[in-house]
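Lettering of chains follows the sequences in order, A, B, ..., and the numbering in each one begins at 1.
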Amino acid sequence: MAGSGARAEPGGRACGKRPPRRSVVAWRSKAEWDQVMVGLYCGDCRLQRDALDRVSGWRSRYGHRMPLAVDCTADLIHCKILDTSGNMTSHELVLSYGLALVRFVNLITERKQKIVNIPLRRLAKEMNIPIWIVNLRHDLTHGKLPQLVACQKGCDVVLEWLRRTYWSRQLGNSLARECEEEQNEEVETAATETEVDSDSEEAQNPQPPGYQKHKELHEKVRELLVSYKNQQFGVLQELQSLRKARKAWCNSSSEVEWILAQIKDLLQESREVVAEALLDDGSLIPTVEQLETLNIKCEENKQLLDFKIPQTFYYFWQPLLKGLQSRNFTQTLLEKMFADLKQCSESSELRPQYLINWVAEILTANTKAKTRRKKRRPSQSQINKRKLFHHRVSLQWIKLIDECLEAPCWATPHLLQRILSDMEPPLPSDAQENLLYLCSIYTQEGGSLSSPGSSSDSSGQPIYTTESLQWKARQESQTKGHRVERRETVLGGVGEEEDNGEEEAEEEEMEAEPMPFEELLHVDNMMVIAEKRAALHGSIWQISADGVQWKDFPLGKLPGQTDDPDSLLVDSYSMMSMLDQPVTRGDGRNSPSTNNPELNGAVMEGLLWTQNDLHRIKSGLQLF
Amino acid sequence: MVSISSPVSPPQKLTFTGKCRLTCLYGAVQVFGFTITQEQPSYDLFSPQTHCALTIEAVTYETLEKSKKEMRISARAMLRAHRVPRDARIKLMKSFAPLCSLVLLDGLDTSVTRFILNHPEFSHIFRVKRQRGSCFTPEDAALASAGIGKRDPESGLLLSESSVSAIEELIQACREEDDGCPVILVCGPKSIGKSTFNRYLINLLLNHLPCVEYLECDLGQTEFTPPGCVSLINVSEPCLGPPFTHQRMPRKMVYYGEVSCDQDTERYIDTVKYVFNSYKKEVPLVINTMGWVKGVGLLLLIDIIRLLAPSHIVQISVEDFKDMPRFTPEYINLAAGLHTKGKLQGKCKSMDVSGMEDWKQYEGESNFQTSTIGHKLLCIQPKFPGAGNAGEARVHSSILRDVAMLGYLGQLQPLETRSVLPLHSLIPYQVPFNAVALRVIHTDVAPTHIMYSVNASWVGLCRILDEVRCQTDGPVLLTQTPVCDCLGFGIIRGVDMERMLYHILTPVPPENLRLVNCLLLGNITIPNCVFTNQQGTEGEIPYVTSEYNYDISGAGKLKMKKHLKRREHSRS
């Protein structure tokens, strides 16, 4: 029937040189992706459930194109939630876990299959999936049903595999490519290389050898750090003057460069290990002896509340930190610092102090690097050398906030504020306020964690309870109407100022061309719109308000809409079955006005909030 | 505007790629089965690389003029009337011969094609590929100036003998008035040329009839609508291009929301039944069916045949029906369907369907007309190479769907302008959350997160009979998927969470739009190029990233390997 002829090329996958390839995904922004990733893996049922709900939205957007790993992760997390709910018998749980696990093994290996079937075991080995997971699958499908514990363990191992193989390598990893700075180029190429053969690399280290490898790596980094310190101390010994030494440290020598290059190499293997080694005693956290050598007085740094690392020590480490700065590593280092801070009890004195100050320094340096980049002048080169960072890197802010709040201490409000003020895209200002507010309540009285009772004893301070927060939330929602109006009027100006450098040039080009013709079109358009308006008179359908510069807003975004990943949450909805009256459903789970028994329970027990409470409050924040 | 005109006389043919507007100045030509004579208006011809090329063919015609001189005079008058320059006129008239035809080809640029071509992914679809070795003749230059390029005659429609005789018989049946209106059902596996056959058949029928009706049951490759719907459309204009050039408003349409019905065959049958009920048997009906003719698909097709009771079945098949059984009246009578039983085998239901333990009699059995009269079976073997081999199809079906959707969205472009307005710059409509019901067809979405699925999505704009009333400002979620009229499609341009409004871009005219009270969201997504081609906007483009790495394990979608072979025994 149909004609023949040379087969035409399929719709023409744009073969032009337009790197990087842009793909369409289900999440609106990276922030949404981050939020879901953190939610799924946070261990808090409620947040996990929220993340699963969001994934249900993704599933609808993706249809059949849903990434396998996301699907599998969601199914497994769902099983875990069912498990913790305690409403299911162990047999039921085995069935749920079982299907999720079978699907994982089958689907994830599917792509590696060739025309002739390759045994699952071999594929699993190639992909570094423990062989007992494959055996578990076999039992589930062909053999005796395994016990619940085996399934639970399998689920945990697979979730961890997914986290390692998919979640933490996706989006985050490729971010390095964005830094256009020349310094990162070599790192970048190295990074892509490891990415390619990472499968085979990972294949070599199943669990116990992996630990061994971790240890070896740690040792290597430690040795390099020792030679770095020796190098720096050597300089000091030679110059016999702290002032001169500081200057010399900044103009890093070839030896330092070489050490740096080696550490960078190791960075490719594991950022975590390098960060860990850096935080060992004697490195970024000085020993008392080191401080003495550098002539830094202990009392001095103990009382320092300005969040600064003593100058000499700062310059001692500056070349190294500067050299290692990258989007990924800086993120890892900060996370490790927060994690470390969480471990610290108040007893050890230097460690928390230095951790806090380093976090503050790194955040500040990053912010300053941003502002300076625009007005870079050659005369500043000497000053630049002393700065911690050349350029600004964009961090995973939401994750940082999480980490920061995970490690509450007296300095948390300050650190949080640094993060919030640097964050991009920024949280809505009221959310920022609330977060800081809550954070300061939690850590108030300069009182630290050790004295939870103190806040209730304290005289002048008001006592905050969840009720008062709820009251505040209600008040805020009443004034919401006003705020909307205000936001709309400012609209025109806001967007343009916020542009980040990279896109500016592009935009200018775009805007130049279509203007004149649009003017011509305007009159015609008005006629058409007027006609449509007349035709819609009295209908629920309307022409959207004119005066909006629609062309400035991509599909899926409206004027005044923030990038807050929670901004599309619906708090009330009604269900309607056909030929039936719609039934109004209660407000969403996130509404702070609902009486959450758990939340109230926490209040009755006392003011000390658990991690979970804090999580819960964080997740409720978007509604203020 | 460039125009060329040339005299052609039978059996001269011009097979071409490109697009142009054809006016027949004198005589008659046939394009894809449709005869264009000098009395008729101009027709737009679209012959992209993605589909079978069009052929302009000179045909014999009856002349009113008696002498050769009279013919020349009237031909010259037509040329003059169409402002053909004098020197060209003289040149043309030199080669004028009795029974030749004169056609005028103009460059063609519609707002729809302009919109499609504006996407880099599709900018080449009308581009002419030069054949290697052939030199560029003056004729080529003339054709190129009209926007077309000559192709081998073999790249045009190739009809096998079986198809010619089948088509003759069908035309005969449609012209016999006392026989009632034939209902012609066309079936066959994927990529076998069903759509091409349908277009050709419709064009031939339109030579004799003012209009025919067309029932679209193929969700994946719809002829006149965006994908995912079943529709009944009254066709009075010939199909002189692929689907994306003739997106039209059907008489009745239901949005099913998937490109395949395998997940919910009952709703599919309901949908087909609902749409078919609007057919009034006043004009012949051509029915297109799915290419899914194996396993459950075959059973479903048998159901559909029983339900629609066609008078003629055109069965297109390669290799002597290895791919599916012959649908003789006896076979259809006896075979078990998915939801229907065959006669004489009411008890032995064990038959073939795997896993259909809950085999039940279809509820509305009374609606199934028992086709005791039987139908006429017309079997066709296609002639073109690669027929029926979906893997070798010219273009992947999902790309055809994308371009069809672009064709639909192209209707949003203002007619008068020469340049293309980006979608996101157009002024949308708005409607309150609580004024329209909402339903995600293909998956369950947590109600509080519903807007994450709705935002920047493709929606069917539908009308349910129930009144949408609601006490809250929030969205109204339907608990089940309705089978209801769909009046068109749109893109949710944005959701205003403060004012509780959907902003929607749609070419549906306002007088129809005001009837819309239900939004259906299915498994049909906005073509990726619509997202990635947005330019000149502020900030990051939602849902677009260049950082997603598809090389990581699990980053891709589930891919079904159909030809997977086992080590020991290969599947047949």
Chi angles and distances behind the side-chain contact (heavy atoms from CB on, under 4.5 Å) call for A:Val570, B:Met497: CA-CA 8 Å; A:Val570 169; B:Met497 302 303 290; 4.0 Å; yes
A:Arg103, CZ: over 12 other non-hydrogen atoms inside 6.0 angstrom: no
Among B:His51, B:Gln480, B:Glu511, B:Met500, residue most engaged with chain A (heavy-atom pairs, under 4.5 Å): B:Gln480
Closest contact, heavy atoms only, B:Ile464 versus A:Met576: CD1-CE, 4.0 Å
Distance (rounded to the nearest 0.5 Å) between B:Leu478 CG and A:Ser577 OG: 8.5 Å
Heavy-atom side-chain proximity of A:Gln170 to B:Asn549 below 4.5 angstrom: yes
Side chain to side chain donor-acceptor pair (under 3.5 Å): pairs with one or both residues in residues 434-445 of chain B, sequence neighbours excluded: B:Arg439-B:Thr481
For A:Arg61 against B:Ser457, the heavy-atom pair lying closest together: NH1-OG, 3.7 Å
Interface residue of largest heavy-atom contact number with chain B, from A:His64, A:Glu32, A:Met66, A:Lys557, under 4.5 Å: A:His64
Which portion of B:Pro422 sits near chain A, non-hydrogen atoms under 4.5 angstrom: neither
Aromatic centroids of B:His449 and A:Trp58 separated by under 6.0 Å: no
Within 45° cone of B:Tyr543 ring axis and under 6.0 Å: A:Arg28 NZ or CZ: no
Options B:Met451, B:His119, B:Arg514, ranked by heavy-atom pairs under 4.5 Å with chain A, top entry: B:Arg514
Closest approach of A:Phe553 to B:Thr537 (non-hydrogen atoms, all atoms of both residues): C-CG2, 3.9 Å
Interface residue of largest heavy-atom contact number with chain B, from A:Ala69, A:Ala26, A:Pro67, under 4.5 Å: A:Pro67
A:Ser60 and B:Leu521: CA distance, side-chain angles, deciding distance, side-chain contact (heavy atoms from CB on, under 4.5 Å) verdict: CA-CA 9 Å; A:Ser60 137; B:Leu521 217 139; 4.0 Å; yes
Spacing of CZ belonging to B:Phe433 relative to OG belonging to A:Ser574, to within rounding of 0.5 Å: 12.0 Å
Short side-chain to backbone donor-acceptor contact, B:Asn455 and A:Gly556, under 3.5 Å: yes
Proximity breakdown for A:Leu555 and chain B, heavy-atom pairs closer than 4.5 Å: both
From CD (A:Gln549) to CD (B:Glu538), nearest 0.5 Å: 9.5 Å
Closest non-hydrogen atom pair, A:Tyr166 against B:Ser553: CD1-O, 3.6 Å
Straight-line distance of A:Asp53 CG to B:Ile450 CD1, nearest 0.5 Å: 11.0 Å
Most contacts with chain A, counted as non-hydrogen pairs under 4.5 angstrom, among B:Leu515, B:Val544, B:Asp473: B:Val544
Chain A contact via B:Leu426 - side chain, backbone, both or neither, heavy atoms under 4.5 Å: backbone
Residue part contacting chain A, namely of B:Leu400, when any heavy atom lies under 4.5 Å: neither
Full working for side-chain contact (heavy atoms from CB on, under 4.5 Å) between B:Ile427 and A:Trp550: CA-CA 7 Å; B:Ile427 299 176; A:Trp550 290 106; 4.0 Å; yes
Selection from B:Asp402, B:Thr15, B:Val403, B:Val516 maximising heavy-atom pairs under 4.5 Å formed with chain A: B:Val516
Nearest heavy atoms of B:Val445 and A:Ser56, plus distance in Å: CA-OG, 3.6 Å
Cationic tip of A:Arg54 above B:Tyr452 ring, under 6.0 Å, 45° of axis: yes
Per-residue contact mode, A:Leu536 against chain B (heavy atom under 4.5 angstrom): both
Per-residue contact mode, B:Thr525 against chain A (heavy atom under 4.5 angstrom): side chain
Residue selection (most heavy-atom pairs with chain A, distance under 4.5 Å) from B:Val454, B:Leu505, B:Val440, B:Leu513: B:Leu513
A:Arg22 (side chain) donor-acceptor with B:Thr545 (main chain) under 3.5 angstrom: no
Any donor-acceptor pair under 3.5 Å from A:Gln561 side chain to B:Val495 backbone: yes
Verdict with reasoning, A:Trp541 to B:Ile504, per side-chain contact (heavy atoms from CB on, under 4.5 Å): CA-CA 10 Å; A:Trp541 291 80; B:Ile504 298 179; 3.6 Å; yes
Pick from B:His424, B:Gln430, B:Glu258 with the largest number of heavy-atom pairs that fall under 4.5 Å of chain A: B:Gln430
Any A:Ser29 side-chain heavy atom under 4.5 Å of B:Pro542 side chain: no
B:Leu54, part contacting chain A, at a heavy-atom distance under 4.5 Å: neither
Check: B:His503 and A:Leu558 side chains under 4.5 Å, non-hydrogen atoms: yes
Inter-residue atom distance A:Glu110.CD - B:Lys557.NZ, 0.5 Å rounding: 12.5 Å
Non-hydrogen atoms of A:Ile540 and B:Pro432 that approach each other most closely: O-CD, 3.4 Å
Ring pair (Phe, Tyr, Trp, His ring centres under 6.0 Å) partners for B:Tyr429, two or more places apart: none
Under 4.5 Å from any heavy atom of chain B - which part of A:Glu531: neither
